[in-house]
Each structure stands twice: as C-alpha cells, then as structure tokens.
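No experiment lies behind these values; they were computed from the predicted model shown. Index from 1, following the sequence.
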Amino acid sequence: MLNEHNNADSVDNFGPDKSHDVPKQQRNEDDEQTEQDHNIIHTQTKITQSQENLHPPKREEANSKISPRPDSDVELWAPQVEEKDGPEMNIRDIVDMQEIGFIVKIQPPGVESFELQVSGQMLVAELHQVLMDHEITCHRTCFSLQLGGTTLDRLTELRSISGIQDGALIKLVEDSYSVRDARLHLRHVCDLLRSLDPTDAYNGVNGSSLSYLTFYTRGDKDCESVKKRASEKESVDCSPPDYVLPGCKDRPLTPLQPVRDDWKPLQCLRVLTMSSWNPPPGNRKMHGDLMYLNVLTMEDRELNITSSTRGFYLNQSTAFNFNPKPAAPKILCHSLVDLLSQVSPTFRKNFSVLQKKRVQQHPYERFAAPFQVFTWAAPHGDHTLDCVRAEETNSSHMGQDKQTAGQSRDWNEELQGCRELPRNSLQERLHRERSIFKTNSDFVAAATQGAVAVIDGNVMPLNPGEAPHMQMFIWNNLFFSLGFDISEHYRPLGGNTAAHAAAICDLRGAQAYASVDIEGLHTLGTAVIDYRGIRVIAQTIVPGILEKNQEQSIVYGSNDYGETVFTHPRFLELLNKTTKPLRIQRHQVLDHNNVPVELCSGIETKGILGNDGRPYILDLLRTFPPDLNFQFSETGESGEEVPKECQSFGYPRRHRHSLASLRPELIEAFVQHRYEHYVKMVAQELSQLEEQEQSEDLLLMKACKAVGSVSECCFDIRFNPDVCSPAVRFSSEAVEEVQRQRKLLWDAAAFLLTNQIPAVMRDCLDNTTVPMDGATLTSVLHQHGVNVRYLGSLLRELHTVEDRRRLSHIERISVSEVLIRSAKHVFRTYLQDVEPAAFSAAVSHFLNCLLASTSFIPDSCSDELLSRRRSRRRRSHGSRVSMVTDSLWARLSPAELWGRIRTEAGELDIFILSLFSESIDAIIEKHGLQKISLLREMAIKTGIQLRDYVFESRHRPVFNEEDVVNMFPVVNHLRPTATDATRLVQRAHTAVQQGLLKDGFELISQALTLFSSVCGVLHEDVCMCLRLLGRLSYILGEYAFSHQEKAARSYERIEGVDHPQTIQDYTYLALYCFAGGQQLTSLQLLYRARYLTLLVSGEDHPHIALLDSMLGLVLHGLTEYELSLKFLHNALNLTSNYCGATSLRHAHSHHLLATVYETKGEFRTALQHEKEAYSIYKSQVGENHDSTKESSEYLRSLTQQAVVLQKAINHIYSNAPSACIPPPKFSTPSLPAILQQLNLTCGIILIPLSAKEVADLRIEMKGKEKLQVEQLENQLLKQKNHKTECKGELQ
C-alpha cells in the first residue's frame, strides 16, 4: 500500500460556504425577503454552520460522531471551454478560504452565554441564520446583534468588523416586531414544531427530501455495547429480512422508506391557528396589536394570544367575545415559544426534547436542497392542521403568489446582473458563480410554482379569448407558454410534436451558450416543466419585448425559417466567439432579397436588443448539428450520398419532427477521432517526404480535405447547422461547401453507428459501466454521444453479440426504457382529456391497463359525489353528475393501450415491433422484467406519487384511486457550476493517473472547497469530490468513512433514496465501514443496497453479484456460514452469467466459497471449488502468475487438512489403541484476510511500494509522457509556418 501521508492541516478547520444550505425551516423566510434582502445575492453569501465542517477530517477526529430526480428527457451539457486569458488561478486564494475560524460568545437575553465557532468570511446575516438554527436561540427570529454597544450591519463580513476577535462577546438584542416579522416568527415556530416530520419531504416542498442513512449507521453509536455482547459470546442477529434473501420474489415497497422512531414528532400543541378576530381593528393597531392567534394546549386549555410590536401575551377574547385586554397571568414574552413554555408544562417539556433531537440530526439532513426533489413512493399520511399553510393559501390568492405586493423579483435583471459581475480574480469568479447558482435555483423554484399554478388554472392568461393550448401567461415576472404549436409556427418542423421537443432543444442550447459564457452575450433564464400531461416553458422576460411584435424586435436571425433573414454586427461579433467551442461554422445564407447574410449560428437563433441595451439570443433549438439518420422530410437522400454503414442499419428513417440533432458528446468524440486520423496521415506523409517546400502545402491540404476540416492549412472541424434546413437558401458559390458539410454530417452519423454504439457495448461487457435503470442507461448512452432514439439500433446490435447472455441486463433495461418512454408519450396525451376531479381515478386506470394482469372496467362509483345506492336512479333521471365510465379516459382498454405503445415504439425502430409483437405480459415474461421496476420508471418519468400495494391481486384492479397520492412536476433546468473547481478536478485526475495520489488528494480537496462555496454542499459535484476523497483516503490507508458517508447522505437528498448512484455509495460505504471495524453497520448497509438493487433492477444483475460476494465475505467474518454460503453461491451463478465461466471473477467466486467451506470443515467441497479456481487461473494467466501460485498453495493446504481430518475419523472408528494424533485445525476467518478479499471484489488492489519505487514510477511515467509530446511536436513541427499564414482565415 502506498504509505504516503497527506498534510491536510491546511483544510482541517475550513467550513465551506453554505449559502444555499440554510435549514429547511428557513427556506420559506427567504422567499419573503424584502427588496433590500434580495441584494444579498450580489454579495458573498457564505453561511458556515459551526456544527459541521466539510473539510477532510483530522486524523484525531476519525472516531468522532458520524451521523440524480426526476428523470428528464435531456441530459444537459457543458462544452469544453479553453481557459480564458487573465490572471492565473491562485492556489493561495483557495488556501485563504480555508482559514481557521475563531470562537465568539453569544449572549442571548435571559440565558447564559454560549460559544460559537464562526468564519471570518461569514456575513452578519448568515450568523443570524445560524443562531436561528441553534438549539438555544432557535425560537428567536426578530433580533439584532451588537458588539460593544454597536449594532452590526447585516451585510458586513465578520472579519471586517473592528474589535471582533477570538472570545469577543456578541449580544443578541430583541427588536420590535412588524406584521411581516410576526408572520415570519409564526412560520418559524411552526417549522420547528414539525422539524422531525417527513411530511414536507413526501410533499416535495420547502427544499425537503428524504435521507435514511442514519437509520443504518446509528448502530455505530452502540459499538461499545456490540463489542461487549460479542465478548460475552452473545449471539448477534445477522439474518436479513426474507425479501433480501437470494431467490425471494417479493418486492415490497414499505422498506423503501423505513419508519424511524425519532421521526414521529412529539406533539407540543393540539392546535395553533390564526384567530377569526384578525385583522386587529384600528384602535387596537394604535396599541401595537399585529395579529391574534388561537392555541389549544396538550392540557386542553384554550388560549387567545395577541402578537404585538413588543412580543406575545394572552388576551381575554373567546370564540364569540372580543376582549383584547391582557389576561392573567399578564406575561409578555418576545418569543411565542417562551410564552407557551410558561403556560403549558407539556409544551415546555416536549419542545425541549424535540429540539435536542433536531440538533442531533446530521446537518446534511436539515439543509434545504437547492432544487426540489420529489419521491415517487410515499405513505398516505394524515392531513393535519397548519395555520401557516392555511394563512398563506388564503392570503396569496389561492396559491398564485407568495410574494406580497411590490416585492416581486425582476428575474431577468437578477440573472443578467449576476452574469455581468466581474470575473478577473478567483474570488470574483466564485462570487459571480455563487450568485448565478443561487439566483438560478430561486428562479427554478419560482418557475415550477408558476407552472403548477398555470396548469391548475390559478393564473389569468394574457389572451383569454384563445384556445387553452394557445394561451400565454405572466406570473411573478416570468413568461409561461405551453408546449403546443401556436399559430402553426412549428408546422414545417412537425407540428405539436416538434413544439414539444423544441423546448428541450432550446434548453440544451441555452445550457451550451451559458457554459461557453461569452461576456456581453445574454440568454434567457429557462426552465421546462412537465405537469399533468402538459409541457410548460418558463422564461425570463426580455425588457421591452412585450411592447412590440417579436418580428419588430428581431435584429439577427429569422422568425420564418429563412424567408426573411437579418444580421447585426454586434451579434456577429459576440456569436463569432462561440463558434470555436461550439464547433459552429460561420456561413452565409440568402435573405428575402437574395442578398448574402452572414450568420454565426443556426438561422432560427434570434437576436434581440432589449430596452436595457443588452443583446439577447433566444430560440436556440438549432445549436447542435442535425442528425441525418432521422429526418422529417419525405424526400430522402440519394443512395450514393448515404454511407453504407447507415444503410446497413436501415437509415435514414422518417422521424416525428425535424429537430433531431447530434449530441455534443458525439461531436467531440467524432472530432477527436478525425484529429487522430489527421495526425497519422501527416506523420506518414512527413516520414516519406522528400521535397520540403511545396509538398508540405499539398500534404496539409490533402490531410485537411480528407478529414473534413473547414481550413485548408490546419485542423479545424466545424458544422453548419443550416445545411439541412429546407427553407434556407445558399448562394451558388457555396454549393460545394454545402455538399462537404452534408457529407461531414453523414460521416458523423455513421461514426455514431459504427464506433459509439459498439463502444457502449464494450464498456458494458467489461463492466466499466453497469447501468441499473433507464436513467443510468441513458447517462451511459449520452456519455458516448448516443441519443436515446438509437435504443432500437442498440437492441439490434445486442442480438448479434456472440456472448449475448453477458449483456442480458442491458437488453432488459433497454426494452424497459423503450416500453416506459412509449407509455409516457401515450400517458401525456391521455391526461390532457381528464377532468381535474378525476385525476386519481384516471391515473390508476391507466396504470391498471399498463401493468395489471387482467382486464377490467373502471369502477363506476369512483366519483365521490355519486353513491352506489343512488347511481341507477340518477342515471335513469338524466343526472347532471356524469358517470366516470362516460369519460373518454375511462374507455381505454389494455389492448388499446398496448396498441398505442407498439405504435410509439415502432416509430423508433422497426426492429422494436418484432420485440413488442405480443402483449405486455408476454414481454415482461420473455425479457424477465419486473413490474415494480416498470412502475418505478413510469412514476419517476411522469411525476406520479404512489403508496404501497400488491401486484399479485387478481380479484380486483391492482391500483385504485387511493393508491395515487399525488402528481408532481418533472423539471428540466440549466445547471450552472464552478468552472475553476472543474479544472481542479481535471488536474487531480491527471495527477492520480501519474501516481501522485497526495497531490490529487489536495487538488480534489480544493475543488471540494470551491464547489461547496458556489453550489452548497447538496450538489452532485460536491458528492463526486467526496467520493474521490474517500477512495483516495482508503487507498492511502487513511480514514475514508467520513467522506463517503457525506457523499451517500447528500446524494440521497438530491437524487433520491433509490437512485443507482445512492446504491453505489452505500456499497462503498459498507466497505469502508468494514475496514474501520464496524462489521454490523457494513452488513446493514449491504442489506439496504441489495434491497434497493432488487427494487430498481431485479436479482438478475451484475451489481447483485458484487453485493452478494461482499455479503458472503462480511457474514463469513461474522461466522454466519450458512447465510454466507447462500449469498456466495448466488454470486457464483451471476458471475458465471455476466463475466463468463472462465473469467478471473468467476475464479475468485470459487475461491471465496472454498474459504467458507474450509472454515466449516467441509474440505472435500472446498477442494472442488478451489480446483475450479486453480484451473481458471492456470488457463487465463499461466502457472507463473501470483494468483495461480497462491491457488496452488491453498490447494496443497486444503489437501493436507483433508488428510488429517480423514485420519482422525478413521482412528475414531477403528479399534486400534489410542495414539497421539493431532486434531484437525479448522481455520477461523481472519478479518484482515476478509478485508483483502473485499478489496479485490470491489476492484481495489493495494500494492505495497517503497518510497524509491514510487519515485521511480513517477519518473518513468513523466518520461513516457515527455517522449510522446516530443514525437508529436517533431511530426507537426513543419506545420507551424502554415498555420501562421492561415491564422484568422475563419475568424
């Protein structure tokens, strides 16, 4: 093992910025900030929680206390952008951010002072938030902070305050309440009372989401008692639930969300609600009354409370008599909690216990997620009284707007203002990116809320006289439109289907331009929300665009697909800077006067100069090159133009719209492939070159032409996005260039089929990638640049693979993905005909038609207003209450639904129709699909939330309306991140590949700091850094649990408790737990991971083989031999299926079984398994390999033990006189040996190297790298002059 030690002192005491990780109960307060408070987003918002640091833990802290989802149709992309010129990133700046905090004393009124660790970068406003979360001061909201009698400014950093130092005393001074302050205080108190209640997480509000890691790691606190029981020879129950055991077919949903004892909140009050005497009359306002409250305590005492400018006190009012005079006892308390604690002993006791449990939660469980996460399964909880929820609903016009009048945010100005912030130094870039991320997350939350309000009918349309699908809306300074073809604008592209797809294409383009981040070029804030079958596009409003027609506003691009085209020098200058990173060719098209017009983008990209003077680009749906394999036009290409590779796959095919484009990942892979070909051509020609001068020009021109470069003297591949647009006209001089561009597009399309799809299958065969569900398979395809519409081609190729059985899980997931995506398309149009009162019945009916095993008719009494007894009489008398069965959606039958699904799937690939020729039950049985996995995929993709049920019931429909708990929006949005941190991660990967593990660790630690500062701790990039730190720490022999535990907990919060990456995090966390001596915790984590894998992908999956091998080893270490053998035998079978019977993994599985059988004393069986292992090792790696030698030695040892045992048995049964025969030795499992096998199972090989060997390895790798660079330089040296000559040719 590499025995290097990292000097992590520089990061030990750093608490990273958590401006987006305020506790959940404070998220709502931020929603009602005044205009002054909104300016905080333009400052360095860096909240630091004293309870939790995100730095790598100190060595002495190793034993301290330890505590993506909606699936989208688009995976957003950030192009590779060259580092901008400017000051080089100063690592010292990063180290300065990791400064050691200092301790201050906080003096609340009426209680003793307490110490709090803070950071010098913390704002006073952020210290306010920390105190509102602290156990002692959590019930206070309206206060100011004073140091030496001076009130501290909320927007000041602590380090800039004179007199602040270690041990400084900061006093908490109570302020007078306003109506707004009183409402915020009441909301905060209610949030504290339900802080342990998961209802908000189930309902998907306030940034709440679920996390269950503590449920499985809390046993670590009882390690001492476990060790004590083990020393006393007490048995510890290691057996899993039956549904986790190999071979069990039950897939219950209830364990997905285990019930925690501390999650049932202690009841402090029976009722807390607003009084009917609100608002206070004028004479009482003159006395300072703000509002009145009604409280029913646990002692059944009714209280009427006045909220005044000075605080809270009891009044003498009753339900029917208004008497605002103070009641006895005349107690005035600044905090409502203090008042209730004095009048209700039960409240005082339970509230204290509740807050102690709350602060014991891991901080990651309390922070609000930056983007709301929705869970697809939830218990059907009781609806409780909530005065805040009721008051907000009534006072905000039925859910339209939480903002009070005059406080609406100008989203466009905020977003564009953040993008215009300076970016010269690292600190400026961090401040800018933090502001962009925070504003974007707030925008997405507002857009989601507005989209739901639009579909619910709570927003008045701008054009109420139009048809519903053509209506547009403005809400909270956001513009909302629906994903339908308005005024037949998208008719040339495919109508409503094209309009639906255009929203996602536009979002991809906005992400690409935002990632390129050209100064002075502006894009709109955009979010795409799918809710109840309707797609809603939310955008910020360009200043002045509503005052005139869009045609009058456009100064660049075309609004009629090329009939009229405009250009503008300012847009040309800005967009020209994006052409290189986006690989867009600058080109000319003919306008309506046949005059050439120069463009640096697709013709549909429109440029608008807003009234604020900023240049905006919108309609970015043609940012990436078109995919010629899928064409909307009937007129296909001539057979000579279409490459043979495409023709062999049956392309081109007619597509539902003309917006099919190549993925940016494919473009980069294709360009890299062409560049390698270009280098080889130049190198070969240079080696044969005899004449120097003239021939070099011809050589380079030949190479450039061969690879499709737009330049004749240097490699530069770019694509013209308009060459396939039917309405776009080019000049006669550009015909040849257009043909070259079309050929380049065909070459890219053929490259996808011949290179990228086989690459996907190779990675799956090598187990480099192991998809578990549709989302992870989609991610793997996108990483290789393959669109999901190529799933038919992937399935076709899978059927031609020689060892097809090893990819059966890929085939199964692919079939499932095609099936569910087709069902989702049908479901979208199905929901559009459903009346609001019948959503639950309609959704349950659709799911029954999709997944139920029997045909049925929906219950005619699903309507709650229609009783069974009177239904016949009402029907006979022509009742106006329509029957459920009279609705259009109720007429859907399973056969009709299956026909629609087959039609949808057949449009992707005719090959899929051959797979979908039978019923859905036949498909499920043929491909080994799980109904529970199909249901999960369907629910995630459509936003359905369900409760537990049983699939096996054949006497009634599987689903009824009570099973459908809710429907959530599925949101796609922009994903800003930290660019400097991304570069640090890239450098870290390079360092690790060179063996510089310590340097890699330091770089990732710094990247973690930057990611946390910009995005908050609940972010996928932070999780990625934590995983890498955990892996490197483990390899370096250091404490890895803390990093991995944070990664697992964060990913649960931001992507879901059953996301495949969460399963992976649990798996590696179990390994680190075992290495740390926490065997029982490791076992429970593995049981949880196995249950989730069974739920997501079923038992026939490669990851189950890994988990079963690990479970067998851990149970072996806990001397649970029979259970161990169950899991190891299952792992053996799965390894044979997915890795091959002659693979090294299969040999390792045989060896693991041999060790367990040896421990049990069954040497004959152990010998059989080890012989199989030895045979595989010998055939695969040879007799001289270490693995073969170790297996041979182990065989010899097993043989000797078997002989000794047999002699002992023979002696016992013989009548010979007793002799001194040594008893057979039964080996006991060694935990270090088991850990070594766990490492091998997980693919971690620890190689002991001396310091000299490490140094030699580094020198060797650097030498190889230098040699490769020199060879490339020599080959291309003579191109330098030619590149200089053509420099600026395409600029």
Evaluate the salt bridge (charged side-chain N to carboxylate O under 4.0 Å, His left out) criterion for residues Asp338 and Arg140: first the C-alpha distance (whole Å), next the side-chain angles of each, then the deciding distance (0.1 Å), finally the verdict. CA-CA 10 Å; Asp338 287 341; Arg140 299 183 179 276; 3.7 Å; yes

With Asp200, which residues qualify under salt bridge (Lys or Arg N to Asp or Glu O under 4.0 Å), at least two apart? Arg194

Who passes salt bridge (Lys or Arg N to Asp or Glu O under 4.0 Å) against Asp300, sequence neighbours left out?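 Scan of Asp300 (salt bridge (Lys or Arg N to Asp or Glu O under 4.0 Å), adjacent residues dropped) gives Arg270.
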
Quick one: do [X] and [Y] make a salt bridge, cutoff under 4.0 Å?
X       : Y       : answer
Arg159  : Glu157  : yes
Asp1058 : Arg1088 : no
Arg358  : Glu135  : no

How far does [atom1] of [X] sit from [atom2] of [Y], to the nearest 0.5 angstrom?
X       : Y       : atom1 : atom2 : result
Glu365  : Gln360  : CD    : CD    : 11.5 Å
Gln129  : Leu127  : CD    : CG    : 10.0 Å
Glu1020 : Phe371  : CD    : CZ    : 8.0 Å
Phe347  : Thr297  : CZ    : OG1   : 10.5 Å
Lys349  : Met298  : NZ    : CE    : 11.0 Å
Arg1049 : Leu1018 : CZ    : CG    : 11.0 Å

Quick check: closest heavy atoms across [X] and [Y], and the distance to 0.1 Å?
X       : Y       : value
Gln945  : Ala378  : NE2-CB, 3.5 Å
Pro379  : Gln257  : CD-OE1, 3.5 Å
Pro108  : Phe114  : CG-CE2, 3.6 Å
Leu147  : Ala168  : CD1-CB, 4.2 Å
Ala1075 : Leu1235 : CB-CD1, 3.8 Å
Phe351  : Cys268  : N-SG, 3.7 Å

Can you tell if the side chain of [X] reaches within under 4.5 Å of the side chain of [Y], non-hydrogen atoms only?
X       : Y       : answer
Leu340  : Leu336  : yes
Ile305  : Leu339  : yes
Leu1029 : Ser1005 : yes
Leu256  : Leu1092 : yes
Phe968  : Gln372  : no
Leu1069 : Leu213  : yes
Gln107  : Leu172  : no
Cys142  : Glu174  : no

Is the ring centre of [X] less than 6.0 Å from the ring centre of [Y]?
X       : Y       : value
Tyr1051 : His1059 : yes
Phe1041 : Phe1074 : no
Phe143  : His334  : no

How are the rings of Phe437 and His1019 set relative to one another: parallel (under 30°), tilted (30 to 60°) or perpendicular (over 60°)?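 Phe437 vs His1019 ring planes: perpendicular.
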
Classify the angle between the aromatic ring planes of Tyr1072 and Tyr1034 as parallel (below 30°), tilted (30 to 60°) or perpendicular (above 60°).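 Taking Tyr1034 first and then Tyr1072, their aromatic rings sit tilted (interplane angle of 30° to 60°).
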
Check whether [X] reaches the backbone of [Y] with its side chain - one donor and one acceptor, N or O, closer than 3.5 Å.
X       : Y       : result
Ser1082 : Gln1078 : no
Thr1093 : Ala1089 : yes
Arg434  : Val1014 : no
Thr1081 : Thr217  : no

The test is side chain to side chain contact (heavy atoms under 4.5 Å, CB included); show your working for Ile164 and Ile170 and say whether it passes. CA-CA 9 Å; Ile164 193 114; Ile170 298 179; 4.0 Å; yes

Would you say [Y] and [X] are linked by a side-chain donor-acceptor pair, where the criterion is simply a distance under 3.5 Å?
X      : Y       : result
Arg366 : Ser195  : no
His188 : Thr141  : no
Asp197 : Thr199  : yes
Ser211 : Arg1053 : no
Ser344 : Glu299  : yes

Using the side chain to side chain contact (heavy atoms under 4.5 Å, CB included) rule, take Val1057 and Thr375 through it: C-alpha gap first, then chi angles, then the decisive distance, then the call. CA-CA 8 Å; Val1057 295; Thr375 177; 5.6 Å; no

Suppose we screen for side chain to side chain contact (heavy atoms under 4.5 Å, CB included). Which residues come up paired with Leu1028, at least two apart in sequence or across chains? His989, Ile1004, Met1024

Side chain to side chain contact (heavy atoms under 4.5 Å, CB included) between Leu1111 and Tyr1087: does it pass, once the steps are laid out? CA-CA 8 Å; Leu1111 279 165; Tyr1087 283 155; 3.5 Å; yes

side-chain hydrogen bond (donor to acceptor under 3.5 Å, both in side chains) for Asp1065 and Gln1061? Distances and angles first, verdict last. CA-CA 6 Å; Asp1065 288 338; Gln1061 184 58 58; 3.2 Å; yes

Does Ser307 form a side chain to side chain contact (heavy atoms under 4.5 Å, CB included) with Tyr177? I'd like the steps, not just the answer. CA-CA 9 Å; Ser307 171; Tyr177 284 97; 5.5 Å; no

Worked verdict on Glu1052 versus Tyr1066 for side-chain hydrogen bond (donor to acceptor under 3.5 Å, both in side chains): CA-CA 10 Å; Glu1052 275 190 318; Tyr1066 268 69; 2.7 Å; yes

Dump the intermediate steps for side-chain hydrogen bond (donor to acceptor under 3.5 Å, both in side chains) on Arg154 and Ser144, then the final yes or no. CA-CA 9 Å; Arg154 290 175 62 90; Ser144 58; over 6 Å; no

